[in-house]
Amino acid sequence: MTESSNSIDWPNCETPLDAVTEDNQILEDQIVQILDSMSLEQKAGQMIQAEINSITPQAAGDHAIGSILNGGGSFPFGNKHASVSDWLELADSFHRESLNRAGHAVPIIWATDAVHGHNNVYTATMFPHNIGLGATRNFDLMREIAAATARDVVATGIAWTFAPTMAVPLDLRWGRSYEGFSEDPTVVARCAEAVIVGLQGTVSESSFLSGDKVLATSKHFVGEGGTTNGQDQGDTICGEAELRHVHSLGHVAALRAGAQVVMAAFNSWNGHRLHAHRYLLTDVLKGDIGFSGFVVSDWDGFSHVHTDLTRAIVDSVNAGVDMLMVSEGWNDVLNRLVRSIQSGEISQERVDDSVRRILRVKARASRLSPQLPSERSQAAMLRTLGSHKSIAQRAVRESLVLLKNEDGTLPIATNARVLVCGDCADDVGRQCGGWSLTWQGTDNTNEDFPHGSTLYDGIRERVENGGGSVELSTTGQYSTRPDIAIVAFGEKPYAEGEGDLADINFSRQFSEPLQVLRRLRADNIPTVSVLFTGRPLWVNPELNASSSFVVAWLPGTEGSAMADVLFADSDGTRRFDFAGRLSFSWPRRANQARFEDRERDPLFALGYGLSVSESPELGQLSEEEQDGDS
Ligand code: BGC
Ligand code: BGC
């Protein structure tokens, strides 16, 4: 890897944890002592992270496995509705078994994708996805959300979350756009700091990583938002300056705030896979930046770097990956790792460095102690699952972006006759999107979110209390002529590459909402469109056909809070205004998926978002379809 160019100045991000102090020295001495007591096999075991469905607690203990994870849609005992005590029971048994061996036993740590709340867990509050949080620009609120998420994670016995995502999504066709806070790297950096502090606590304070805090992950390092055509796991072709000043800004902020884990990215940089990129993972991240935590691979990400699995493991570890996340077949990966160390293809120094980093992070998180996960949860008195409604409701309200506001439709009077239509109006799963109980966010019903509420729930409550009436009809047919129609539509849930698009023309994928809107318009019924989406899309026809247009992003389980903003109070006054401002520029044309095409001539620029008292004339927008980007 020879991209190194000395003109790029990578900032040192060391924190007080790296300072030469007596306390830090005691911790380092303890680590060396443990390291010296470990066999080669035990060291290699620490470098493996296995999926909970592919390993038993006993096998994990026997092999000194360093970590486990539950992938998206993976639950204790295969039960989607597993209770908090189920999660704790499994966490405890992995922990117990990891202590159950000779010499210095090192407790195992469990990681999960708590990316918008503790979203794999039944009854957890799910917050808006990052794109919605970016629209709030409310960094204090993000810190609170992250702190609430950390409590939920600790309550289930889990030590570590694979969040936040530091991506700077530059092409809207990318299926992970919604995991990014913004296309503006400076916004991403501010969000990064807030979320890291919320999850882990403040580095310089004694509460750091104690009690109800969890380890955070700065992911994915680096450049994943810049791949050609927005292809997931693709190639980001750019100079080192762009890598540093665009794609790394969030990581730098996260590391300065004390992020302890970095996840390597699936993508390549100028044709070289990140998982095998020694310059970026070792020279830059561990060298210039001074990162003293550990690098975890992405889901089997190490195996993508070479067709021969052993070579792939060797290349990844030698490049700087410290822990291998293995979906299945951990035993095979472990054996190959051990043999590669024995043969000298991976040096003893490299292994010691990895294990030292892993032990260091466990020690900093007070996870070398024998305290059971359930004891930790009880000590922090955590009864928190499902209890973060009011924080989530605030986030939902503040994330709504008003793009069009005509015909005096907003705010809606609570004594109006309201028609609610569109297939997103009464569906928590559509509000939540991907990474919600299941990996893709599909195969969920409202019953899977017992504490959740839908947009329709919120509308019904307001209108019923305000003397109006409400009719729900997905297709927009009504029995009583309404004063106003709220039309809720959007993307179907997806995660990762499943969400990659050929183009960003919404109605080419979903034609029904436009038909509904046009029918209502023909009937002279004013409409408020509410779009559920993981990214800006080309919706000129839908904008033209709507009186008002609100972007709700993927608001999560507290959908009823949207009604707080859409409706006036019963006395006609307003409590909440639209506060969301675009954290991505909005395309004017269907061929503006790419940031550089959009930025020059966006329909709505970054930062756009109306207040309810503003109603600029949008005029008739061009509905001419152009082909997608070439
Ligand atoms: C994703 C990561 C995630 C991991 C574990 C991967 O496919 O890229 O973001 O943390 O799976 O679920
Ligand atoms: C897992 C996810 C993971 C994905 C990667 C899924 O089966 O549940 O956690 O990110 O595979 O492809």
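Whatever order the structure lists ligands and atoms in, that order sets their numbers, starting from 1. Side chains included, hydrogens not; waters and symmetry mates left out as well; all remaining heavy atoms used. Computed from a predicted model, the values in this text were never measured in an experiment.
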Under 4.0 Å to a heavy atom of Lys219 - the qualifying atoms of ligand 1, by number: 2 (C), 3 (C), 9 (O), 10 (O)

CZ/Arg190: more than 12 non-hydrogen atoms of other groups inside 6.0 Å: no

Ligand-residue contact atoms, ligand 1 with Arg176, heavy atoms, under 4.0 Å: 1 (C), 2 (C), 8 (O), 9 (O)

Atoms in ligand 1 with a heavy atom of His220 nearer than 4.0 Å: 2 (C), 8 (O), 9 (O)

Report every pair formed by an N or O atom of ligand 2 and a protein N or O atom separated by less than 3.5 Å, giving atom names and the distance to 0.1 Å.
residue  : atom   : partner : partner atom : Å
ligand 2 : 8 (O)  : Gly72   : N            : 3.2
ligand 2 : 8 (O)  : Gly72   : O            : 2.6
ligand 2 : 9 (O)  : Gly72   : N            : 2.6
ligand 2 : 10 (O) : Glu496  : OE2          : 3.0

Stepwise salt bridge (Lys or Arg N to Asp or Glu O under 4.0 Å) check, Arg137 with Asp184: CA-CA 12 Å; Arg137 304 289 201 287; Asp184 177 345; over 6 Å; no

Salt-bridge criterion met for Arg430 and Glu491 (N-O under 4.0 Å): no

Glu179 N/O to ligand 1 N/O under 3.5 Å: no

Glu193 atom CD, over 12 foreign heavy atoms within 6.0 Å: no

Given Phe584, Trp553, Tyr494, the one that forms ring-ring contact (aromatic ring centres under 6.0 Å, His included) with Tyr178: Tyr494

Result of checking Asp443, Asn120, Asn444 against Lys80 for side-chain hydrogen bond (donor to acceptor under 3.5 Å, both in side chains): Asn444

Close aromatic pair by centroid cut-off 6.0 Å: Trp110 and Trp87: yes

Asp298 side-chain N/O to Phe266 backbone N/O, donor-acceptor pair under 3.5 Å: no

